Participant: 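Take this structure, written in structure tokens, and hold onto it; I'll ask about it next.
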Protein chains: 2
Amino acid sequence: MKDNIDEMVTTLALTVFRANGALIAAGDSLTAPFGLSSARWQVMGAVELAGQPLTVAQIARNMGLARQSVQRLIDELERDGIVALDENPHHKRARLVRLTLHGQEAYAAIMKEWHAMAARLAEEMNAAGLRAAIGSLEQLSAGLDALRPPD
Amino acid sequence: MKDNIDEMVTTLALTVFRANGALIAAGDSLTAPFGLSSARWQVMGAVELAGQPLTVAQIARNMGLARQSVQRLIDELERDGIVALDENPHHKRARLVRLTLHGQEAYAAIMKEWHAMAARLAEEMNAAGLRAAIGSLEQLSAGLDALRPPD
DNA sequence: CCATTATTGACAACATGCTGTCAATTTGAC
DNA sequence: GTCAAATTGACAGCATGTTGTCAATAATGG
């Protein structure tokens, strides 16, 4: 194990890259049977968990992604009948995204499998370690954002 | 804070996605002045830290990326004069990648700035928390890899 | 030694993130 | 109310990851 704390930050960064790749790969395996992917599943989650229809721009802000990245995913999900776009009474241009019934069913099925997988993963992990990991990653993200040159 | 340990796994996953994005954005800011990027910097690091020239396939395995992803980055880095490909006495097809002098200089300059940033980030983090975070993420990655269907 | 298998690089297609630009619309300052 | 600024969707282009296929080369088993 590294002794310098700043070298540990570097190790943490590399570990994050690995974990990110592993999570996306696992998510793709989980969602592929439904014709979906990790990215589409995440967008669906943002819509479903909000509890109300959202605009594309709101979804992007919630997820920390660029507006246009989400826009394309939503366009594709609409073509596939996973989400529908309702007229927004408060904004003629920004329609509201909601899951279709088909989308809700697929999302529920995927979440059921994900929770089973998460429970199996949790077997080998302890709550204190997880809490520490989440805290450290939040610090890392916040610190990186703060240190970056403002736009 | 979540109480169910498997919900904490979900939270950890979302936190990893955020941290990954923040790290790439910070790395891009750090490397842009040298005409590089996070991805190219990471490949350079894999070559430099190996201590000896590597083949493209070896770099990919070390980084946990697909062979062809690294191949393209190396091709571009070669065009830019950051790496050079030497003939491999043991393999007529798989040439050996090494940093050029220019590449070494750029890498050293970037690493100097990265270490300064890491030290600043480390100021607000504690060694025990970092260790726990690294351990949890390694468990997560290993668990995800193990749970996925074999190819 | 020879035949089969695995590895490797080249090429191509695609998914998902980013940015930039433009017009339509909303918001806000005055 | 009006005009400037911000927000939004459409469109386009690029970076970086993936996969698949093919031919050249290495490695292996007989």
Side-chain angles (χ1 to χ4, degrees), chain A residues 16-29 31-32 35-44 46 53-61 63-80 83 85-97 148 151, chain B residues 16-29 31-32 35-44 46 53-61 63-80 83 85-97 148 151:
Chain A
V16 167
F17 291 137
R18 287 292 182 120
N20 184 70
L23 281 167
I24 290 176
D28 285 344
S29 293
T31 55
L36 294 171
S37 65
S38 284
R40 296 176 187 200
W41 172 32
Q42 285 179 260
V43 172
M44 292 168 72
L54 298 176
T55 66
V56 167
Q58 287 171 332
I59 297 170
R61 281 190 294 264
M63 297 181 68
L65 295 184
R67 183 171 53 93
Q68 299 295 38
S69 308
V70 175
Q71 183 73 53
R72 176 164 34 176
L73 288 170
I74 291 293
D75 289 346
E76 293 167 355
L77 288 173
E78 188 195 12
R79 280 187 223 115
D80 293 352
V83 305
L85 301 179
D86 297 331
E87 294 304 319
N88 183 350
H90 301 306
H91 198 304
K92 204 170 292 185
R93 200 173 171 78
R95 287 182 296 168
L96 293 169
V97 181
R148 271 194 327 125
D151 299 328
Chain B
V16 167
F17 291 136
R18 288 293 183 118
N20 184 70
L23 280 167
I24 289 175
D28 284 344
S29 293
T31 55
L36 294 171
S37 65
S38 284
R40 296 175 187 201
W41 172 32
Q42 284 180 261
V43 172
M44 292 168 71
L54 296 176
T55 66
V56 167
Q58 286 172 332
I59 296 169
R61 281 189 294 265
M63 296 181 70
L65 296 183
R67 183 170 53 94
Q68 299 294 38
S69 308
V70 175
Q71 183 74 53
R72 177 166 31 179
L73 289 170
I74 291 295
D75 289 345
E76 292 166 356
L77 287 172
E78 187 194 14
R79 279 187 222 113
D80 293 350
V83 305
L85 301 179
D86 297 331
E87 294 304 320
N88 183 348
H90 301 306
H91 198 305
K92 205 168 290 184
R93 201 175 170 79
R95 287 182 296 168
L96 293 169
V97 181
R148 266 181 351 112
D151 301 327

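What you are looking at is a predicted structure, and each value in this text was computed from that prediction instead of being measured. The sequence lines fix the lettering, A, B, ..., with proteins before strands; numbering per chain opens at 1.
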Participant: Check the distance between C:dC18's P and B:Leu23's CG and give it to me in whole angstrom.
Facilitator: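 After rounding, the reported distance stands at 15 Å.
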Participant: Does A:Leu96 reach the side chain of A:Leu85, with side-chain heavy atoms less than 4.5 Å apart?
Facilitator: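 Side-chain contact under 4.5 Å: no.
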Participant: Taking C-beta and beyond as the side chain, do B:Leu77 and B:Leu36 meet within less than 4.5 Å on heavy atoms?
Facilitator: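 They are in contact (side-chain heavy atoms under 4.5 Å apart), so the answer is yes.
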Participant: Taking the minimum atom-to-atom distance to the side chain of B:Ala66, which one of D:dT8, C:dT8, D:dT18 wins?
Facilitator: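 Given the options D:dT8, C:dT8, D:dT18, the side chain of B:Ala66 is closest to D:dT18.
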Participant: Side chain of A:Arg61: nearest nucleotide among D:dT8, C:dT25, C:dG9?
Facilitator: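 Per side-chain heavy atoms of A:Arg61, the pick is D:dT8.
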Participant: Between P on C:dG17 and CD1 on A:Ile59, what's the gap in Å once rounded to a whole number?
Facilitator: 13 Å
Participant: Ignoring the backbone of B:Gln68, work out which of C:dA13, C:dA10, C:dC18 is nearest its side chain.
Facilitator: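 Among the listed nucleotides, the one closest to the side chain of B:Gln68 is C:dA10.
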Participant: Measure the distance from CG on B:Leu36 to C1' on D:dT16 and round it to the nearest whole Å.
Facilitator: 15 Å
Participant: Quick check on DNA chain C: between A:Arg93 and A:Asp28, whose nearest nucleotide comes earlier from the 5' end?
Facilitator: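 Looking at the nearest nucleotide for each, A:Asp28 comes out on the 5' side.
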Participant: Out of curiosity, B:Arg67 CZ to B:Gln58 CD, how far, rounded to the nearest 0.5 Å?
Facilitator: 13.0 Å
Participant: Picking from C:dT8, D:dG9, C:dG17, which would you name as closest to the side chain of A:Ala39?
Facilitator: C:dG17
Participant: Among the candidates D:dA10, C:dG17, C:dG9, find the nucleotide nearest to the side-chain atoms of A:Leu65.
Facilitator: C:dG17
Participant: Is it true that A:Asp28 and A:Ser37 share a donor-acceptor pair across their side chains at a distance under 3.5 Å?
Facilitator: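 No pair is found: no donor N or O on one side chain lies under 3.5 Å from an acceptor on the other.
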Participant: Look at all strands and tell whether B:Ile24 reaches a base, only sugar-phosphate, or nothing, counting heavy atoms closer than 4.0 Å.
Facilitator: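 If one applies the 4.0 Å heavy-atom cut-off, B:Ile24 turns out to touch nothing in the nucleic acid.
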Participant: Find the distance A:Leu54:CG to D:dT8:P and express it as a whole number of Å.
Facilitator: 12 Å
Participant: How many whole angstroms separate atom CZ of A:Arg95 from atom C1' of C:dT26?
Facilitator: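 Distance, rounded to whole Å: 17 Å.
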Participant: Looking at D:dA26, C:dT25, C:dT16, which one has an atom nearest to any side-chain atom of A:Arg40?
Facilitator: C:dT16
Participant: How long is the line joining CG of A:Asp86 and P of D:dG9, in whole Å?
Facilitator: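 It is 14 Å, rounded to the nearest whole Å.
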Participant: So what does B:Ser37 hit on the nucleic acid, given a heavy-atom distance under 4.0 Å: a base, only sugar-phosphate, or nothing?
Facilitator: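 Counting heavy atoms under 4.0 Å across all strands, the contact made by B:Ser37 is with sugar-phosphate only.
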Participant: Nearest of D:dT25, D:dG17, D:dG9 to any side-chain atom of B:His91?
Facilitator: D:dT25
Participant: Would you check, one step at a time, whether the test side-chain contact (heavy atoms from CB on, under 4.5 Å) holds for B:Asp80 with B:Arg40?
Facilitator: CA-CA 11 Å; B:Asp80 293 350; B:Arg40 296 175 187 201; 3.2 Å; yes
Participant: What is the separation between atom CD1 on B:Ile74 and atom P on D:dG17, rounded to the nearest whole Å?
Facilitator: 12 Å
Participant: Nearest-Å distance, CD (A:Gln71) to C1' (D:dC11)?
Facilitator: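 Going from CD in A:Gln71 over to C1' in D:dC11 covers 11 Å.
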Participant: Let me spell it out: for each of B:Arg72 and B:Arg67, pick the nucleotide of DNA chain D with the closest heavy atom. Which residue's pick is nearer the 5' end?
Facilitator: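 Checking each residue's closest nucleotide, the 5'-ward one belongs to B:Arg72.
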